[in-house]
Every structure is written in structure tokens, then in C-alpha cells.
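For clarity, every value in this text was computed on a predicted model and none was experimentally measured. Below, chains carry the letters A, B, ... as their sequence lines are ordered, and counting in each starts from 1. Worth knowing before you read on, the calculation uses all heavy atoms, side chains too, and leaves out hydrogens, waters and symmetry mates.
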2 protein chains.
Amino acid sequence: MNQYASILNNINRYVSLTKVEEEKICSIIKTSTVKRRQYIIQPGFVCQSRTYIVEGAFRVFHLDEEGKEHTVSIGVEDWFVTDFFSYINQTPAQNYAEALENSLIFQMHYEDIEPLCKEIHNLSEYFRLTTEKAFAHSRRRVISSISLTAEQRYDEYAAQYPHIVNRVPQYVLASYLGMSPEFLSKIRNRKAQS
Amino acid sequence: MNQYASILNNINRYVSLTKVEEEKICSIIKTSTVKRRQYIIQPGFVCQSRTYIVEGAFRVFHLDEEGKEHTVSIGVEDWFVTDFFSYINQTPAQNYAEALENSLIFQMHYEDIEPLCKEIHNLSEYFRLTTEKAFAHSRRRVISSISLTAEQRYDEYAAQYPHIVNRVPQYVLASYLGMSPEFLSKIRNRKAQS
DNA sequence: TTCGAAAAATGAACTAGATTAAGAAATGTA
DNA sequence: TACATTTCTTAATCTAGTTCATTTTTCGAA
């Protein structure tokens, strides 16, 4: 069994790669291990790669002028972590991507993967379809953040990601859901009571 | 000059279509006019098409259980309007898309455009690149909605979309920015004073 | 196994922004 | 031109969620 089975499996859920295509894609993958608290993307540096999480967990967050962290996304196994704005424009990132656990990742460099998208129609389709899906979810999150109360947002998240909600630190989840850690604590406490 | 010049021009900013490709794409375009207040997407109906705005303005909004409207996106000329979640899954929409002005649109039907994406690599690339861009912006909006105050969100929008901020009704903009129309009125008034 | 630092919980005072309601202005329509 | 409907404004009241200061718990490292 191929060491890249996980990511190929993910891609083949959307398209049907030929053996040759699989090999080309695998040939540009770089494997790394990352320790908890380590950053793989930092403000000021260009996000060079699409990063696939084989094992572990990451978050992307934004640090505002007042020193407050705002978590943009949380990802675990079989997800991608990217600062898309930085990646697609190849301009310096404005966010951090931090390992929440010791992790194993596959990285595909911009200068390798973008030409490959021009070459392999299936790969282009894969990223088109997955990005459309991610975009649709992002829109749903915008609706939630506009229309729901803090407690409703927590409930929705807990229902949708039961395997993540208790895996990440509370202050990370609070900053993802757009509330203070104190208030999230209060919400959880209210639930534990009843 | 081709009647589809506007949309072809948009596509050719990202990829270089051949004449044959251009003709295939144009052959599936349906042109319509839509009156102000008319819906082109409604809850319960599947979003069948990608809609390109030639002239006019639209908004996509969600109606919650309490009867409140939450505007998800606002689009004018040279933008696409789609309920992506409904479109990609071909499931009933949960949102409305409403014409804010009398408008002229081009529509490409799911069953025509999706096979064409499999056939024309350039088209697949076009949608991949534009969706990645839209996704990156959507993420920025999530950050804004989490980290900025209502007034800062208004300022940011006014700076980024000066040509739209005074073109749409105030209650639409308020529901897009996630605040009450009364509060938006207050903000605008504060600015007019100083 | 104990120590120290980071994370979580608690509670009280505070505020951004919502809600309500009523009137004024603008806009469309006959 | 006038009437009806939609949109915007103003101001008072209310509350979800923040801030800050303190205490308690958790957990990794030695």
C-alpha cells in the first residue's frame, strides 16, 4: 500500500486519476512532521504550499492590532490547511497556521502544483470541486455568524463536529466561534447543569 | 462584437480560450431579463444555474425562522450569483436570490456547464481560480465579522465597495453587515456630523 | 511526584448593539 | 396630484456578551 494512499483516496472521491497522474502528483509531495505549537505559516511570509494533514490538527488564526487572536479555521486529519489569500496571490500571509498537536503533513509547493493543474485536467477538477464545496460551507458560516446567537453557534458546531469540539483548547474554539472564552465557559456550564 | 463579450472577457482574464471553446460556452448560455424584486432562486427549489450579471444588481439572502432576512452576498455587473450549496449538491436551496434592480443576466445550466467543465480544461481552471479567489474573500469576511465592530465593518465595506455602498437599500446593507438598520442609520449619521 | 506554567472557571461591573415604537421622508403608482 | 407603501430617522429601554480581576484546574517537563 502506497504511503500516499490517504491523499490519493481523498482525490479519487472526486475524480478518477490514472496511474500516471497519481505518480506525477505523488512525485511533488513533501512529507514533514510538525510539533505542537509550531507555525507552518506566519505573517510576512508567503504561503508556499497546499498542506494536507495526514495526522494531527491545525488552526489558522489572525492576530489583530490589539493582540487578539481570531481563529479562521480548524482542521484535522484528511483536511487541507492553507492561507488561501496568500497562496493564490503569492503575497505575504496575514495569518498564522499553528499545529495544535504533533502532526504529520504532506505539502505540495505552489510552483509544482499550479503547473500540474494546467497539465492534469483531473487535478484542476479536484481542486475546483473541493474549493466550491469549501466555499459553500464558508457561506454557511457567514450566515451563522450573522444570524445566530453565541450559544446557537456553539450548538451548531458541536452537532456538526462532535469529534473536534472537545479536542481543541477552549480558547481556540471560542475565538473560532466569535465569542470570549469566558462566555463559552458559561455556555458549557449551563449545559452541564441541565 | 459578440453579445457575450462581457462574460468571455471575464473568463479570458484567467485563461486563454480557443475560438472553439468560446463557441461551446456561448452555445449553452441563456439570456434573461429580470425585474426588480423578482426572485431567481427560492427555498425549496434547486439552484439550477450559474448566473452571470450583465447589468443590474442582486442579493442572496437567508430568511430565518423568526422571519428575519440575512443577506449573504450582494452582486453587481460582471459578478456571479449562485446559491453554491444548492448548486453543487443539486439539493433544494435555503436562500433567495432577489433582483435589487431591473437586470439582464446570462445563465448556464448545471447539466450543460458541469459536463463542459469535464470537457474543457480551461473552463475547469477558470472556475477553480475564481472560486479560490471567492473563497479567500469569504474567509476575510469571516475574520471581519468575528473581529471588527459594526462601525468598522461598515467602514471597511464602504472603502472596498464605494460604488455599491450607496446603490443598495440600507436595510439590505445592514443585514449584509450583520447589524440592525437602525444602528446603520446611527453610524451614517455620526459620520455625516463630523 | 512534584513543580511551574498554561488553560479553564467564576463572578461582578460594564457596553456595544438590539429592540421597540412612532414619526418623517422618499418612492412608486393610479 | 394625491395616496399608499416602503425606507429612513430618532430616541428610550433592554440584554447578550465583554472585560477584568481572581481562583482553580490541568498538564507537560524534570
Does B:R188 form a salt bridge (Lys or Arg N to Asp or Glu O under 4.0 Å) with B:E182? I'd like the steps, not just the answer.
CA-CA 10 Å; B:R188 281 187 156 163; B:E182 291 86 350; over 6 Å; no
A:E151 and A:K186: salt bridge (Lys or Arg N to Asp or Glu O under 4.0 Å), yes or no, with the steps?
CA-CA 10 Å; A:E151 180 157 9; A:K186 193 184 270 182; over 6 Å; no
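With sequence neighbours excluded, no residue forms a side-chain hydrogen bond (donor to acceptor under 3.5 Å, both in side chains) with A:S185. Residues satisfying the side-chain hydrogen bond (donor to acceptor under 3.5 Å, both in side chains) criterion with A:Y157, sequence neighbours excluded, are absent altogether. Residues satisfying the salt bridge (Lys or Arg N to Asp or Glu O under 4.0 Å) test with B:E22, not counting sequence neighbours, are B:K19.
Note on A:I53: it does not cluster hydrophobically with A:L104, by side-chain heavy-atom contacts below 4.5 Å among ILVMFWY residues.
Within a heavy-atom distance below 4.0 Å of DNA chain D, the residues of residues 53-76 of chain A found are A:K68. Heavy-atom distances under 4.0 Å link DNA chain D to no residue of residues 152-170 of chain A.
Counting only heavy atoms from C-beta outward, the side chains of B:N122 and B:Y126 never approach each other to under 4.5 Å. Looking at B:Y52 and B:N10, their side chains come closer than 4.5 Å, going by heavy atoms from C-beta outward.
Among A:I113, A:L116, A:T51, the one residue that satisfies the side-chain contact (heavy atoms from CB on, under 4.5 Å) test with A:M108 is A:I113.
Residue pairs meeting the salt bridge (charged side-chain N to carboxylate O under 4.0 Å, His left out) criterion with at least one member in residues 89-102 of chain B, sequence neighbours excluded: B:R59-B:E98, B:E101-B:R167. Every pair passing ring-ring contact (aromatic ring centres under 6.0 Å, His included) that includes a residue from residues 128-149 of chain B is listed here, sequence neighbours excluded: A:F84-B:F135, A:F85-B:H137. Applying the ring-ring contact (aromatic ring centres under 6.0 Å, His included) test to residues at least two apart or on different chains, the pairs with a partner in residues 55-78 of chain A are A:F61-A:Y96.
Counting only distance, with no hydrogens or angles, the side chain of A:D78 and the backbone of A:V54 share no donor-acceptor pair below 3.5 Å.
Put simply, CG on B:L148 is 10 Å from P on C:dG17, counting in whole angstrom units. If you take CD1 of B:I187 and P of C:dA16, they are 12 Å apart, rounded to a whole angstrom.
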Enumerate the protein-to-nucleotides 10-15 of chain C contacts in which both atoms are nitrogen or oxygen and the separation is below 3.5 Å.
residue: C:dT10; atom: OP2; partner: A:N189; partner atom: ND2; Å: 2.8

Produce the list of close N/O pairs, under 3.5 Å, pairing protein atoms with atoms of nucleotides 28-30 of chain C; give distances to one decimal.
none

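Nearest heavy-atom pair across A:T71 and A:S175 is OG1-OG, 2.6 Å.
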Side-chain donor-acceptor distances from residues 38-47 of chain B under 3.5 Å, at least two apart:
residue: B:Q38; atom: OE1; partner: B:K35; partner atom: N; Å: 3.1

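Dashed line: the shortest gap from a side-chain N or O of B:R37 to OP1 or OP2 of C:dT27 is not under 4.0 Å.
Protein chain B contacts DNA chain D from D:dT6 to D:dT10, reading 5' to 3' and using non-hydrogen atoms of the protein with a distance under 4.0 Å.
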